[in-house]
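To start, the structure under review is shown below, and the notes come after it.
Numbers restart at 1 for each chain; the letters A, B, ... are given by sequence-line order, proteins then strands. Please read all numbers here as calculations on a predicted model, not as lab measurements.
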There are 2 protein chains.
Amino acid sequence: MSLRHALIGLLAEHPASGWDLSKRFAEVLGNVWPAGHPQIYGELRKLREDGLIAVDSEGPRGRTTYRVTPAGLAEARRWLTSGSVDHTIRLESVLRSVFFWLMTPQELAGHLDREAAYFHGLAELYRELGAAKDRGDFGRSPQTESLRTAAEAGARVAQALGGWADWAKSAPHTGPGPAVIAAGPAAAEPGEPG
Amino acid sequence: MSLRHALIGLLAEHPASGWDLSKRFAEVLGNVWPAGHPQIYGELRKLREDGLIAVDSEGPRGRTTYRVTPAGLAEARRWLTSGSVDHTIRLESVLRSVFFWLMTPQELAGHLDREAAYFHGLAELYRELGAAKDRGDFGRSPQTESLRTAAEAGARVAQALGGWADWAKSAPHTGPGPAVIAAGPAAAEPGEPG
DNA sequence: TTACACATGTAACACGTTACATGATTTT
DNA sequence: AAAATCATGTAACGTGTTACATGTGTAA
């Protein structure tokens, strides 16, 4: 149910259309909670039906902006203060690591180099974003303070995963036996099982 | 498609039943990639239809164990070496931080204390798991080396988030204006909008 | 003989993604 | 006049969760 509350939260800043909200997810929030426009339009309809948001204005070519209702604001605050955070994490990078033993040392080294480069680059991006907010490049408001905090999380998590990839390069890695390699790296022709 | 490949990967270690695989997800893999038993049984059926796994044995009370086929092993290795990792991350803890400005300083402090405690505890758990693997408590094999690497990732990410929560406690936080508070912390009675 | 753990599955629903469809406004 | 961007939505599909249903083997 996080999308629901994220939408209310964004509308609490100022009214916005489904299109606006899609863009904010694509540019900022999508890094921790992806959502495409079909999902957003669907959820906006439900939120409107439930009275948590209301139509604020209708503009050219069907543009409809929404604003939070008092009930919506209360619901967002209830979500934030209720204490039951869903700590479920999905990290394909780490899931893969459970199966590193199926890769040859060469394959693994290449993989870890790419992962390290990706995460270090991402960390740098978030660090720069945080520094820009500290400089006040986007003005100062309670909202930008919160985004500053979120950027810090991104920087720290990306840094942690980049450091992990570096560390993994020097960790012991025995690699798969010949029988596994014999299955081939890509081809799916079942030969003689050995 | 990660569940599919994770199941093949687990079966590459040794044959197992849907029940066995469900338990391994619940105990280990579920921390980075949750999967309930209905999803696992469904995916096993598809994998069997696609010839990537095969029935290995049938035991008492309908227990069916599966093993990988050569085609399945090749597919798992193709997935691991293909280079296109899905870096999508969903972190409700960080998503919430974007809306910290809707909480009072008191509410936020309480929230961050709980988050810090949770993540520091989790980090400690993974660190201990890593140390146990380093001591060889679970024997030594390519597979346990890989699990050691995965535990390191868990420890580092949890540590990063715990440190972030500590940091956020001392970061500036203006908090919401009176109009937001007036909406109440939980009640959903729409009063006079102001 | 009662209870518990084993073991498998279906059904219904919720959430999320991709592809498709439509049309208006603005820019080139 | 053509192309790009704005703006909204539906349809189909895939993934993931919760609840339900069923029956067996083992231990108390």
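Glu107(B) and Arg77(A) are joined by a salt bridge, as a carboxylate oxygen and a charged side-chain nitrogen come within less than 4.0 angstrom of each other. Between Arg90(B) and Asp86(A) there is no salt bridge, since none of the side-chain N atoms of the basic residue sits less than 4.0 Å from a carboxylate O of the acidic one. A salt bridge between Asp134(B) and Arg140(B) is absent, with no side-chain N of the basic residue lying under 4.0 Å from a carboxylate O of the acidic one.
Contact annotation: Arg90(B) side-chain N/O to dG16(C) OP1/OP2 distance is under 4.0 Å. Dashed line: the shortest gap from a side-chain N or O of Arg61(A) to OP1 or OP2 of dG23(C) is not under 4.0 Å. Proximity of Arg4(B) to the phosphate of dT15(D): no side-chain N or O atom is located under 4.0 Å from OP1 or OP2. Regarding contacts with the backbone of dG16(C), a side-chain N or O of Gln39(A) is found under 4.0 angstrom from either OP1 or OP2. Contact check, Tyr41(A) against dT8(D): a side-chain N or O comes under 4.0 Å of OP1 or OP2.
Below 30°, between 30° and 60°, or above 60°: for Phe119(B) and His87(A) the angle between ring planes is above 60°, a perpendicular geometry. His111(A) and Phe100(A) have perpendicular rings, their planes meeting at more than 60° on a 0 to 90° scale where under 30° would count as parallel.
Linking ILVMFWY side-chain heavy atoms closer than 4.5 Å, directly or via other members, places Val94(A) and Leu125(B) in two distinct hydrophobic clusters.
Protein atom CZ of Arg63(A) is 13 Å distant from nucleotide atom C1' of dT25(C), rounded to whole Å. If you take CZ of Arg48(A) and C1' of dT8(D), they are 12 Å apart, rounded to a whole angstrom. A straight line from CG of Leu7(B) to C1' of dG16(D) spans 14 Å, rounded to a whole angstrom. One atom, CG of Leu44(A), and another, P of dG9(D), lie 9 Å apart when rounded to the nearest Å. The distance from atom NE2 of His37(A) to atom P of dA11(D) is 14 Å, rounded to the nearest whole Å. For the pair Glu43(A) CD and dG9(D) P, the computed distance is 14 Å after rounding to whole Å. Rounded to whole Å, the distance from CD1 on Ile40(B) to C1' on dG16(D) is 11 Å. To the nearest angstrom, P of dC15(C) lies 12 Å from CZ of Arg45(A).
Each of Leu3(A) and Pro38(B) was matched to the nucleotide of DNA chain C holding its nearest heavy atom; the match closer to the 5' end belongs to Pro38(B). Toward the 5' end of DNA chain C, the nearer of the two residues Tyr66(B) and Trp33(A), judged by each one's closest nucleotide, is Tyr66(B).
For the side-chain contact (heavy atoms from CB on, under 4.5 Å) criterion with Gln39(B), the lone passing option out of Leu44(B), Leu3(B), Leu7(B) is Leu3(B).
For the contact set between residues 15-32 of chain A and DNA chain D, defined by any heavy atom under 4.0 Å, the members are Ser17(A), Gly18(A), Trp19(A).
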